[in-house]
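Being a predicted model, the structure only gives us computed values, none of them experimental. Every heavy atom of this structure was used, including side-chain atoms; hydrogens, water molecules and symmetry mates were not.
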Amino acid sequence: FRIEREDGGNPMSVEARGKDPVRLIKSLIEITQNIPLEDMELWTMATSTTTSKPLDDDETVGDAGLTDGSVLKLVVNTPEVIEAAPAEEGAEEAVEEEEDAPTVIDGVECIKFRVSAQATFNKKRLMDFDVLPSTNVGDIKMQVYQELAEKFDGFRKRGPPEDFGLFFLLGPMEIDTMGKCRHFSKDEWKKESATVEEAGILRGQELVFGHLSMFARFQTYDILGHPRWSKTEAARRRVPVEQRVAEA
């Protein structure tokens, strides 16, 4: 069925089963549209015989009466912004200078960057790193994986560390107005055997911790977004990660 945004944003299409909860649909929207789950509402569209009404998160697609071709309205609630009290003269400049000053270890400036990871279907994890240029990219990836595995039950079921990588996006993930996402490109992948400096990671960049199945030519996903591996791709998973990426 089709989802239209009240704010005039691009519409999108979603596939779901009758037993799937509305919460799952909102989670898919959060992933593809980067809209916090708590800031969105899904409403039915008014017809000649019915009025528009909000859908409950725990309500199933079937119970909501949604069928193939149904149209929903997405309402995004913009959170209230509270302005901070004005700082004393000169204080703001001092804070900015302190934040912009890089960390220095043994005379070497560290590189500060952020890694974004989709921990669950409705939770995104942001991790800040401030490391030496000689730090190994693979070590950073392992640190991200271990933190996600410790804090989110079931994360390990998505695959071992070898099935993930770090990427710096060179463009938007969406490739059409319906919310369809593209695969990662080889130019976006950060080689794990390289150092942060060799990988070209710069201060202030935001990397993405993603699944390497996004390289696979025959990769498909089930309704929950879990990778569904073909026999060919299952065999490829036993190949070292860098060789898999090079072949993709």
Measure the CD1-OG1 distance between Ile201 and Thr135 for me, rounded to the nearest 0.5 Å.
-> 9.5 Å

Smallest heavy-atom separation, Ala194 atom then Ala199 atom, equals CB-N, 4.2 Å

Describe, in one word, how the ring planes of Phe209 and Tyr145 are oriented to each other, choosing from parallel (under 30°), tilted (30 to 60°) and perpendicular (over 60°).
-> tilted

Counting only N and O atoms by type, is there a donor-acceptor contact under 3.5 Å from the side chain of Lys190 to the main-chain atoms of Leu166?
-> no

Compare all side-chain heavy atoms of Ile25 with those of Val61 and state whether any distance is below 4.5 angstrom.
-> yes

Look at the side chain of Lys26 and the backbone N and O of Met40, then say whether any donor-acceptor pair between them is shorter than 3.5 Å.
-> yes

Got a second to check how far Leu55's CG is from Arg23's CZ, nearest 0.5 Å?
-> 12.5 Å

Are any side-chain N or O atoms of Ser52 and backbone N or O atoms of Thr44, one a donor and one an acceptor, separated by less than 3.5 Å?
-> yes

For Phe167 and Leu212, what are the C-alpha separation, side-chain angles and deciding distance, and is it a side chain to side chain contact (heavy atoms under 4.5 Å, CB included)?
-> CA-CA 10 Å; Phe167 306 86; Leu212 287 181; 3.8 Å; yes

The reported gap from CG in Asp139 to OG1 in Thr195 (rounded to nearest 0.5 angstrom) is 11.0 Å

Taking side chain as C-beta onward, heavy atoms only, is Gln143 less than 4.5 Å from Phe129?
-> yes

Transitively linked via ILVMFWY side-chain contacts under 4.5 Å: Ile3 with Val75?
-> no

In terms of heavy-atom contacts, Arg158 and Gln118 come closest through NH1-O, 2.9 Å

Using a strict cut-off of less than 4.0 Å between a Lys/Arg side-chain nitrogen and an Asp/Glu carboxylate oxygen, indicate whether Glu147 and Arg125 qualify as a salt bridge.
-> yes

Heavy-atom side-chain contact between Leu148 and Met127 under 4.5 Å | yes

Provide the closest heavy-atom pair for Gln205 versus Phe113 in the form atom of the first, atom of the second, distance.
-> O-CB, 3.3 Å

Is Val208 close to Leu169 at the side-chain level, that is, under 4.5 Å between some pair of heavy atoms?
-> yes

The reported gap from CG in Leu170 to CG in Asp187 (rounded to nearest 0.5 angstrom) is 6.5 Å

If you take all heavy atoms of Asp57 and Pro21, which pair is closest and at what distance?
-> O-CB, 3.8 Å

Would a 4.5 Å heavy-atom cut-off, applied to side chains only, mark Lys73 and Glu4 as touching?
-> no

For residues Glu206 and Phe168, report the shortest heavy-atom separation together with the two atoms involved.
-> O-CD1, 3.6 Å

Taking atom CZ of Arg156 and atom CG of Asp153, what is their separation to the nearest 0.5 Å?
-> 11.0 Å

Could you check if a side-chain atom of Ile140 sits within less than 4.5 angstrom of a side-chain atom of Leu207, using non-hydrogen atoms only?
-> no

Close side-chain approach of Val14 to Leu72, heavy-atom, < 4.5 Å = no

In Å and rounded to the nearest 0.5 Å, what is the NZ to OG1 distance from Lys19 to Thr60?
-> 11.0 Å

Would you say the side-chain atoms of Asn136 pair up with the backbone N or O of Glu192, donor to acceptor, closer than 3.5 Å?
-> yes

If you group Ile, Leu, Val, Met, Phe, Trp and Tyr by side-chain heavy-atom gaps below 4.5 Å, do Val137 and Leu132 land in one group?
-> no

Over all heavy atoms of both residues, which pair between Pro11 and Arg2 is shortest? Give the atoms and the distance, please.
-> CG-NH2, 3.1 Å

